[in-house]
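Structure, as structure tokens:
Only this structure's heavy atoms are used, side chains among them; waters, hydrogens and symmetry mates stay out. To find a chain, count down the sequence lines: A is the first, B the second, and so on, and within it residues start at 1.
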Number of protein chains: 4
Amino acid sequence: MARTTGSNGEETKARIRSCALSLIADHGFEAMSMRRLAAAVGVQSAALYRYFPTKQALLAALMTGHMNQLLAAWAEAIPGDSAAPLTRLDAFARFHIRYHMARPHEVFIAYMELRSLSPVHYKAVGKLRSTYEGILKDILTDGSQCGDFQLDDVHVTAMAMLAMLTGVTTWYQPGGGLSAADVEAHYTALVCRMAMTDFTDTTELPQQAAR
Amino acid sequence: MARTTGSNGEETKARIRSCALSLIADHGFEAMSMRRLAAAVGVQSAALYRYFPTKQALLAALMTGHMNQLLAAWAEAIPGDSAAPLTRLDAFARFHIRYHMARPHEVFIAYMELRSLSPVHYKAVGKLRSTYEGILKDILTDGSQCGDFQLDDVHVTAMAMLAMLTGVTTWYQPGGGLSAADVEAHYTALVCRMAMTDFTDTTELPQQAAR
Amino acid sequence: MARTTGSNGEETKARIRSCALSLIADHGFEAMSMRRLAAAVGVQSAALYRYFPTKQALLAALMTGHMNQLLAAWAEAIPGDSAAPLTRLDAFARFHIRYHMARPHEVFIAYMELRSLSPVHYKAVGKLRSTYEGILKDILTDGSQCGDFQLDDVHVTAMAMLAMLTGVTTWYQPGGGLSAADVEAHYTALVCRMAMTDFTDTTELPQQAAR
Amino acid sequence: MARTTGSNGEETKARIRSCALSLIADHGFEAMSMRRLAAAVGVQSAALYRYFPTKQALLAALMTGHMNQLLAAWAEAIPGDSAAPLTRLDAFARFHIRYHMARPHEVFIAYMELRSLSPVHYKAVGKLRSTYEGILKDILTDGSQCGDFQLDDVHVTAMAMLAMLTGVTTWYQPGGGLSAADVEAHYTALVCRMAMTDFTDTTELPQQAAR
DNA sequence: AATGAATGAGTATTCATTCAT
DNA sequence: CATGAATGAATACTCATTCAT
């Protein structure tokens with residue numbers, strides 16, 4: 001036999017992508033076999049190679065796809081460079097949390113499977129990641145320069161904020177006592193506190209408090 | 001050949017542990033083959049099985065070992081429950097950052113390979129993890145109750161802080177412009193800001209700022 | 001390489017079966033490695049798993065296949081329940097000897113590798129075996145009831161006859177002084193003697209003779 | 001450590017033998033690992049090699065041991081060459097059944113694991129086996145010559161009798177409706193019938209019966 | 001557009017055996 | 001007399017991938 005009647009290339013490709021996301025999120029990229037993926041999609045494994053030349057290419061497609069969509073989504077949601085830094089920071093935090101909580105599979109994979117990428121793809125995804133980090137760093141730099149924020153180090157603060165925000169996917173389970181909106185509000189508040197400055201430098205505080 | 005002259009069980013076991021840490025950190029647990037591990041240790045793969053009955057058992061030993069050492073190290077470093085919450089929070093943050101920056105392999109594995117654990121081991125490690133999280137939560141709760149901290153939600157804040165602190169291992173490279181002491185200071189400051197309250201509730205700020 | 005030009009699934013499967021029969025008969029099931037089997041068939045070991053999911057499944061297929069063919073062959077050769085018991089017994093003995101001498105490999109395996117079967121398969125094969133034993137027991141029972149045979153115990157006699165008849169494969173080598181037809185005649189005669197009764201009960205004879 | 005206090009060579013050797021008999025009977029020789037055997041005995045596997053230089057040697061020891069004991073036991077039980085052939089046949093049958101039913105493990109192994117023997121050991125065991133078969137053949141020959149038995153072929157008859165008698169171990173389970181004495185009586189009767197002649201040649205009977 | 005048949009390299013694990021102690 | 005540490009070869013089985021159809 002050959003072509004299954006009624007089969008359609010685009011549809012199959014989309015099914016492969018979504019099945020792969022589930023399987024990788026559940027078992028990890030290395031642990032997902034092309035056979036299992038094919039079974040989930042409902043084709044023979046040989047058919048997968050019509051759409052993605054290698055397993056690596058599939059992972060790369062998933063990850064760059066995710067990063068590109070993330071950047072595109074931000075471009076749409078963007079409040080503009082002209083707004084006040086705190087407004088922009090708040091918007092960024094809300095956007096990030098909301099976007100990530102809605103796509104736990106993609107996010108998990110984007111962070112966990114970086115090491116499974118071949119050097120070439122790793123570099124490409126790294127670039128997209130840097131672009132995204134740049135958005136936050138620009139906001140922090142602007143706020144720092146105009147005096148709205150007081151930060152020890154823009155880079156460190158940005159990395160800390162992103163780790164914190166992205167970390168939500170590792171513990172949040174919908175259906176518990178907290179709504180997604182609650183989480184979004186709490187995390188956004190924490191991010192803003194981290195940037196705001198109206199309190200004495202904390203590196204001295206403990207000693208004071210210990211007095 | 002049989003027993004190598006001068007070979008010693010305890011030593012071999014330690015070498016297996018440390019080689020496994022490197023290899024898993026670099027390639028992931030699934031991607032580390034027992035053959036490659038044996039080669040790194042300098043024995044035949046069959047020899048590994050004298051020390052760890054399965055690959056799973058090796059991972060579990062590594063992870064529970066790490067968590068137990070972490071808890072033991074804290075118990076030693078502990079400033080006592082009687083100190084002021086902010087002092088204790090500061091101490092916790094510094095301890096966590098310092099401990100984790102010194103053991104990037106263990107930390108990476110402890111967070112990345114949870115899913116590779118079998119259910120039984122997963123549960124065991126989960127318990128140890130909760131114990132550690134409990135330390136921070138207790139500090140936050142105490143600070144909240146005595147009014148030193150003002151927090152929206154102890155659990156959310158604790159999770160956010162831990163993700164942020166632990167995240168340092170994903171980007172920090174010694175030898176850049178930042179010293180480990182700088183990073184420790186910055187992160188500790190951020191943690192304290194997240195707990196301190198002497199500025200208006202940020203959930204309202206953005207709207208104000210957007211005016 | 002991939003698919004060999006002109007390769008055909010059914011053919012490969014048949015070749016696997018027949019090579020497996022030879023190898024198991026020669027070395028035993030446990031001692032036959034899938035590698036050696038693959039080499040005998042002329043494929044890579046991985047190819048075997050397209051046809052039989054496990055080594056166990058291959059053994060089970062061989063053994064149930066043998067038993068089913070044996071039962072089918074009898075159903076075809078059957079002289080009918082209406083014939084005289086002695087006629088039927090003679091027919092059974094001839095059939096059994098002839099069938100077994102023609103398939104020494106299958107027979108040897110069917111008796112020797114029972115213990116290598118997993119419990120599930122063991123039970124299935126056991127059922128088929130009982131069905132076959134039932135054929136002989138029915139003949140003996142009928143002959144006993146109509147007085148043609150005089151038997152101490154139908155079950156014991158049936159077991160004894162089957163062990164005797166099947167045992168031929170352990171020593172008979174074609175090309176010696178005895179033809180297969182001779183063996184068939186001799187064994188059939190022995191079976192009939194075991195069932196016939198026109199001589200004094202032998203359990204008393206030795207004592208008499210010993211007098 | 002070295003010698004376990006109180007350990008004794010002869011005792012250990014005997015324990016190895018008896019544990020090996022159980023394990024081989026249960027799982028087969030190939031499936032019994034020296035490790036499992038050592039565990040059953042309560043020593044390290046290396047210790048086994050003090051008593052048997054290889055796994056093969058252990059099997060050979062078990063099998064030649066069994067055959068030698070069998071022959072020795074017959075020599076003791078022997079009723080003498082002067083008795084009447086039927087008496088001697090009866091005695092042989094009773095002896096064989098009794099001896100074999102009492103040692104199912106040894107018997108099972110002696111018949112099932114012949115193929116696991118290396119050529120050298122196979123030949124040695126084969127010789128002992130032939131000696132034992134010779135006992136029966138002599139009885140049959142004597143009975144044939146003096147006219148007490150009428151046999152088509154001494155060799156075929158002997159083989160048939162031995163297969164039949166030995167087969168008892170494959171189905172008899174003590175504790176059912178049949179006592180060991182019953183089985184002995186039934187089998188002995190069958191053997192005697194096979195040798196006795198006072199009924200028309202059975203090879204012609206079926207045709208008659210089919211009339 | 002997809003299948004059915006196959007490959008070759010790899011997996012974790014187990015084996016009988018050895019030898020320094 | 002026996003152990004503890006190790007070996008080297010083997011085991012059943014799985015993998016990503018290929019290619020004729």
Between the protein and nucleotides 10-12 of chain F, list every N/O to N/O distance that falls short of 3.5 Å.
unit_1  : atom_1 : unit_2   : atom_2 : d
dA12(F) : OP1    : Met32(C) : O      : 3.3
dA12(F) : OP1    : Lys55(C) : NZ     : 3.0
dA12(F) : OP2    : Met34(C) : N      : 3.0

_Between Glu113(B) and Arg115(A), does the salt bridge (charged side-chain N to carboxylate O under 4.0 Å, His left out) criterion hold? Intermediate values first, please._
CA-CA 13 Å; Glu113(B) 302 296 356; Arg115(A) 73 171 166 213; 2.9 Å; yes

*Expressed in angstrom and rounded to an integer, what is the separation of Leu48(B) atom CG from dG8(F) atom P?*
14 Å

_If I take atom CG in residue Leu59(A) and atom C1' in nucleotide dA16(F), what distance separates them, rounded to the nearest angstrom?_
14 Å

*Identify whether any heavy atom of Phe52(C) sits under 4.0 Å from a base atom; if not, whether one sits that close to sugar-phosphate; answer base, sugar-phosphate or nothing.*
nothing

*Nearest-Å distance, CZ (Arg15(D)) to C1' (dC1(F))?*
13 Å

*Hey, does the side chain of Thr12(D) come within less than 4.0 Å of dA2(F)'s phosphate (OP1/OP2), counting only N and O?*
yes

*How far apart are the closest heavy atoms of Glu30(B) and Ala31(A), and which atoms are they?*
OE2-CB, 3.0 Å

_Ser45(C) versus Met34(C), closest heavy-atom pair with distance_ = CB-O, 4.1 Å

*Would you say Gln44(C) reaches dA6(E)'s phosphate, i.e. side-chain N/O to OP1/OP2 under 4.0 Å?*
no

*Whole angstrom value for the distance that separates C1' of dA5(E) from CZ of Arg50(C)*: 5 Å

*What's the shortest heavy-atom distance between Arg129(C) and Ala110(C), and which atoms?*
NH2-O, 3.8 Å

*Of the non-hydrogen atoms in Phe29(B) and Ser116(B), which two are nearest, and what is the gap between them?*
CD2-CB, 3.7 Å

*Within 45° of the axis and under 6.0 Å from the centre of the six-membered ring of Tyr49(B), does NZ or CZ of Lys55(B) qualify?*
no

*asked:* Could you check whether Lys13(A) makes a cation-pi contact with Phe52(A), meaning its NZ or CZ is under 6.0 Å from the centre of the six-membered ring and within 45° of the ring axis?
replied: yes

*Can you check side-chain contact (heavy atoms from CB on, under 4.5 Å) on Leu128(C) and Met63(C), steps first, answer last?*
CA-CA 10 Å; Leu128(C) 294 170; Met63(C) 292 188 59; over 6 Å; no

*Could you check Gln56(A) against Gly42(B) and say which one's nearest nucleotide on DNA chain F is further toward the 5' end?*
Gly42(B)

*Taking atom C1' of dT21(F) as reference, at what distance in whole Å does atom CG of Asn8(C) sit?*
13 Å

*Can you name the nearest heavy-atom pair linking Leu37(B) to Ile16(B), along with the distance?*
CD1-O, 4.0 Å

*When you look for runs of 3 or more Watson-Crick or G-U pairs in a row, both distances below 3.5 Å, which of them include DNA chain E?*
E:2-21 with F:2-21

*NZ of Lys13(A) versus P of dA2(E): gap in Å, rounded?*
12 Å

